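Written below as structure tokens is the structure these notes are about.
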Amino acid sequence: MPSDFVRDIVAQHIAERRYPEGIVTRFPPEPNGYLHIGHAKSICLNFGIARENNGRCNLRFDDTNPAKEDVEYVNSITADVLWLVEGWADHCLGLKPRGALPAAVTTAEGRPDHYAAAIPASDLPSARATSSAEAFFASDYFEALYGYAEQLIRKGRAYVCDLTPAETEEYRGSLEKPGRPSPYRERSVEENLDLFRRMRAGEFPDGARSLRAKIDMAAPNVWLRDPLLYRIRHIAHHHAGDGWCVYPLYDYAHCLSDYLEGVTHSICTLEFVDHRPLYDWILEALDLPRALPRQYEFAKLVPGYTLVSKRKLLALVNEKIVSGWDDPRMPTLSGLRRRGIPASALRRFVIGVGVTKFNSVTDLAVFEHAIRDELNQTAERRFAVLRPIKLVLTNLAPDEVLECRATNNPQSETPTTRALALTREVYIESEDFAEVPPPKYFRLKPGGEVRLKYAGIIKLDEIVKDASGTITELRCTFDRTSRQGEPGADRKVKGTIHWVSASHSFEAEVRLYDRLFTVPEPAAEEDFLKVVNPHSLETVRARLERSLADATLADRFQFERVGYFALDAKDSAPGRPVYNRTISLKDTWAK
RNA sequence: UGCUCGAUGGUGUAAUGGUAGCACAAGCGACUCUGACUCGCUUUGUCUAGGUUCGAGUCCUAGUCGGGCAGCCA
């Protein structure tokens, strides 16, 4: 396992036995949208560190802003995380008993504390099976968080402020000019406590008052200029119900949620570097009895030709450029999954790019290589003709059927085979034929020979066209002495192509996906909608070999010489499969 | 002219004062019943200027360039 600066820090902490209870990380999405490939890096980092150190990674919903959140997202995010982690780090997945709230506990030193315990790893499988396990929710900590807020008030470290949002902004100053203190900054502890309780009781309208940390309005770091801790929102919460009208803000809730869960390493992206002093300030202001979590930041993943901005992804959905959040062209985890990309390939990619503090754009080719490499090992080979052209083997009788043995996966140590039927009428790929071949063309051309893979060598005798000049069929002779097992089987011809029997194949819809954008950095574009790839989806009616009729969703296939394909989870029906192209094969010939 | 993080081939990264390495990409070749896979070879790099040192990608100083930050979003 290659190391990185975060893992180095963790390794050092382990060496100095800094966290005797073990390493605990967390993946804390807000349930306000779908997870995308960028989140995959965070998931693999957090779960990766947990599994490498015999620790735990809690799945926690950072759901402190009910106005933007919904259970639809908690469900999709949960499914996405489980998919990515399945069979890799599920044994260190931190979940809690359904409905559990943090418990009031007493430390070994006899000090009161709160703790949100995870289900022990040994009990996790059965808890998961019976659905008695669920993710952690920051909203489950609202009562504890409220208690900590009163503590801050009593310590004189927080105050209720009556400034309006506009006034608050004005008092905050600017990046280069210090702010000025709120006129409410010096209220007494008693008044603050009374006001904060009345805020909770619902006496004031939205935005009328807020709870603020009393830090330093002249701090060069703007996040330290008396940041807001609580705001008033008369709105029900998707998880906590309708018992609250004051909701904590991110900076206040996050560090304390980490603390409550016993998180040791709180790993987030670079844009939170400026928040770290506040993270530490809140925890240190509270005089907490256990070891405090620490925040570490890394650069997020930005793959080329891809957008990860929630706003822009939403625009693609709204503008109907894609069919939805799980469109196979979307960089969402649900889109990648529907596209047929194995979780293991995604993991390999996001782990392989490494962890640094340098913002960069990762070449999509690295991802594509990971997918191809994975699928090359695991996917069974099949024959499918995407754009069929009819070919007649004139020396085969109309009812003649020649059985051929095809290898399912040549990469396997013990390859299995299947039967393929060769008949008088077959289909080949129209691009495997050229009436006027370009230089170095190995495929079928007038008077030329080519091998039908696993069947034998054919020679093109005649091109049949209709009145309009369109080619309707190619008439060939089949060299029976080149069949498998015959003496001529090893005869060399330059080209080998795939094919399907007309009578032993079926027609099906196949969707060919390509990158969604035409430029490496669509996010840098003034109008990203202008660089959408108009050819990102091409739908064809293909001819597939019979065995492709009853595939399952878990199957991954290589259509030989074409690419890797999987069943579409949404639009496939029994007897009417729809295949998605996960990725094409590498093509170094290219026209 | 605020604070903060950063800079190694085309791209992503490694080297923790001691031979600048790996992967992807690209190019050439071999092999091939997939123009895939595999194998071999090749091209390309430490932001700049000083300094410390026997020795600097690494440490110091100054610069240059780039990212992030002023939601009652996360």
Side-chain angles (χ1 to χ4, degrees), chain A residues 2-5 8 28-30 32-33 62-65 67-69 161 163-166 168-169 172-179 206-212 219-225 227-233 247 249-251 253-254 268-277 297 299 301 304 310 352-370 372-373 376-377 381 383 406-407 410-411 440-443 451-457 482 484 489-498 520 558-563 584-590:
Chain A
S3 194
D4 55 66
F5 79 97
D8 289 347
E30 183 188 18
N32 69 344
D62 216 346
D63 56 347
T64 56
N65 185 4
K68 292 191 170 182
E69 301 157 5
C161 181
L163 254 24
T164 66
T168 305
E169 183 184 351
R172 187 155 35 227
S174 69
L175 289 179
E176 44 285 293
K177 282 200 288 275
D206 288 6
R209 293 183 216 265
S210 62
L211 185 73
R212 292 232 248 167
N221 179 344
V222 291
W223 288 101
L224 261 17
R225 321 242 260 229
L228 270 76
L229 269 20
Y230 271 88
R231 79 284 226 182
I232 300 172
R233 287 286 177 276
Y247 291 100
L249 278 109
Y250 167 83
D251 289 291
H254 202 91
C268 61
T269 47
L270 247 23
E271 61 263 34
F272 291 102
V273 169
D274 292 328
H275 297 238
R276 194 189 330 128
E297 312 88 8
L301 172 67
K310 203 168 286 176
V353 296
V355 181
T356 65
K357 304 180 88 148
F358 179 62
N359 290 307
S360 59
V361 177
T362 299
D363 195 335
L364 247 205
V366 181
F367 187 29
E368 295 176 339
H369 177 263
R372 290 193 181 105
D373 199 44
N376 180 44
Q377 305 303 319
R381 313 287 122 126
F383 278 178
T407 305
Q411 304 290 322
K440 303 234 294 214
Y441 189 76
F442 298 166
R443 286 108 98 145
R451 183 186 298 278
L452 295 185
K453 191 169 185 183
Y454 299 126
I457 297 167
S482 65
Q484 291 167 329
D490 291 331
R491 184 156 74 85
K492 302 287 182 214
V493 286
K494 196 62 186 165
T496 298
I497 64 174
H498 60 282
Q558 181 195 105
F559 291 179
E560 288 211 43
R561 303 207 312 128
V562 175
S584 66
L585 244 35
K586 207 171 150 187
D587 182 6
T588 47
W589 184 55

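Scope of the values below: all heavy atoms of this structure, side chains included, with no hydrogens, waters or symmetry mates. The chains referred to below are lettered A, B, ... by the order of the sequence lines, with proteins before strands, and numbering in each begins at 1. All figures in this text were calculated on a predicted structure; none of them were measured in a lab.
Base pairing of B/A70: no nucleotide in any strand meets the Watson-Crick or G-U wobble criterion (both distances under 3.5 Å). Pairing partner, B/U46: none, since no Watson-Crick or wobble contact has both distances short of 3.5 Å. Checking B/G6 for Watson-Crick or G-U wobble geometry (two distances, each under 3.5 Å) identifies B/C65 as its partner. Under the Watson-Crick and G-U wobble criteria, each requiring two contacts below 3.5 Å, nucleotide B/A30 is paired to B/U38. Pairing for B/U53 is absent, with no Watson-Crick or G-U wobble pair whose two atom distances lie under 3.5 Å.
Applying the 5.5 angstrom centroid cut-off and the 30 degree plane-angle cut-off, the aromatic ring of A/Y250 is not stacked upon the base of B/A74. The aromatic ring of A/F442 sits over the base of B/G35, with ring centres less than 5.5 Å apart and planes inclined by under 30°.
Between A/F383 and A/Y454, the closest side-chain pair of non-hydrogen atoms falls below 4.5 Å. Contact of the A/L452 side chain with the A/I497 side chain is registered, since non-hydrogen atoms from C-beta on lie closer than 4.5 Å. No side-chain heavy atom of A/V361 sits less than 4.5 Å from a side-chain heavy atom of A/P520. Side-chain contact between A/N32 and A/N65 is absent, with no heavy-atom pair separated by less than 4.5 Å.
Summarising the geometry, atom CD belonging to A/Q411 is positioned 5.5 Å from atom CZ belonging to A/R381; distances are rounded to the nearest 0.5 Å. The line from CD of A/E297 to NZ of A/K357 is 5.5 Å long, rounded to the nearest 0.5 Å. In this structure, CG in A/L301 is found 11.5 Å from OG1 in A/T269, a value given to the nearest 0.5 Å.
Ring-plane geometry between A/H275 and A/F272 is classed as perpendicular, the angle between the planes exceeding 60 degrees on a 0 to 90 degree scale with a lower cut at 30.
One can place NZ of A/K357 at 18 Å from C1' of B/A14, the figure rounded to the nearest angstrom. Put simply, NZ on A/K494 is 9 Å from P on B/U32, counting in whole angstrom units. Here the P atom of nucleotide B/C31 and the NZ atom of A/K492 are 10 Å apart, to the nearest Å. A/D8 places its CG atom 11 Å from the P atom of B/U16, with the value rounded to the nearest Å. In this entry the distance linking CD of A/E368 with C1' of B/A23 reads 15 Å, nearest Å. In this structure, A/R276 atom CZ and B/C5 atom C1' are separated by 9 Å, rounded to whole Å. To the nearest angstrom, P of B/G68 lies 16 Å from CG of A/N221. To the nearest angstrom, P of B/G67 lies 13 Å from CG of A/L270.
Within 4.0 Å of A/P28, counting heavy atoms only, lies no atom of the nucleic acid at all. In this structure, A/L211 reaches neither bases nor backbone, as no heavy-atom distance under 4.0 Å exists between it and the strands shown. Contact annotation for A/V493: no contact, since no heavy-atom pair falls under 4.0 Å across all strands. Counting non-hydrogen atoms under 4.0 angstrom, A/E297 reaches nothing in the nucleic acid. Counting any heavy atom pair closer than 4.0 Å across all strands shown, A/H498 reaches no nucleic acid atom. Here A/E560 lies in heavy-atom contact (under 4.0 Å) with a base. Here A/Y247 lies out of heavy-atom contact (under 4.0 Å) with every strand. At the heavy-atom level, A/S174 lies under 4.0 Å from base atoms of the strands shown. Nucleic acid contact class of A/L249 (heavy atoms, under 4.0 Å, all strands): sugar-phosphate only. Residue A/Y441 is classed as a base contact, given a heavy-atom separation below 4.0 Å to a base. Using a 4.0 Å heavy-atom cutoff across all strands shown, A/L228 reaches at least one base atom of the nucleic acid.
Note on A/T496: every side-chain N or O is 4.0 Å or more away from OP1 and OP2 of B/G35. When the side-chain nitrogen and oxygen atoms of A/R172 are compared with OP1 and OP2 of B/C69, none of them lie within a distance under 4.0 Å. Residue A/R212 has no polar side-chain atom (N or O) positioned under 4.0 Å from OP1 or OP2 of B/C72. Taking side-chain N and O atoms only, A/R372 has no distance below 4.0 Å to OP1 or OP2 of B/A36. When the side-chain nitrogen and oxygen atoms of A/T356 are compared with OP1 and OP2 of B/G12, none of them lie within a distance under 4.0 Å. The phosphate of B/C33 has neither OP1 nor OP2 within less than 4.0 Å of any side-chain N or O from A/R381.
Under 3.5 Å, the side chain of A/D274 and the base of B/G68 form at least one donor-acceptor pair of N or O atoms. Under 3.5 Å, the side chain of A/R443 and the base of B/G35 form at least one donor-acceptor pair of N or O atoms.
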Atom pairs, protein N/O to nucleotides 20-22 of chain B N/O, distance under 3.5 Å:
none

Worked verdict on A/K453 versus A/E560 for salt bridge (Lys or Arg N to Asp or Glu O under 4.0 Å): CA-CA 10 Å; A/K453 191 169 185 183; A/E560 288 211 43; 2.6 Å; yes
Residue pair A/Y250, A/D62: steps toward the side chain to side chain contact (heavy atoms under 4.5 Å, CB included) verdict: CA-CA 8 Å; A/Y250 167 83; A/D62 216 346; 3.7 Å; yes
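For A/K440, the listed nucleotide lying nearest its side chain is B/G35; candidates were B/C73, B/A7, B/G35.
Closest-nucleotide positions on RNA chain B for A/K453 and A/T64 were compared, and the one nearer the 5' end corresponds to A/K453. Of the residues near RNA chain B, A/K586 and A/S482, the one whose nearest nucleotide (by heavy atom distance) lies more toward the 5' end is A/S482.
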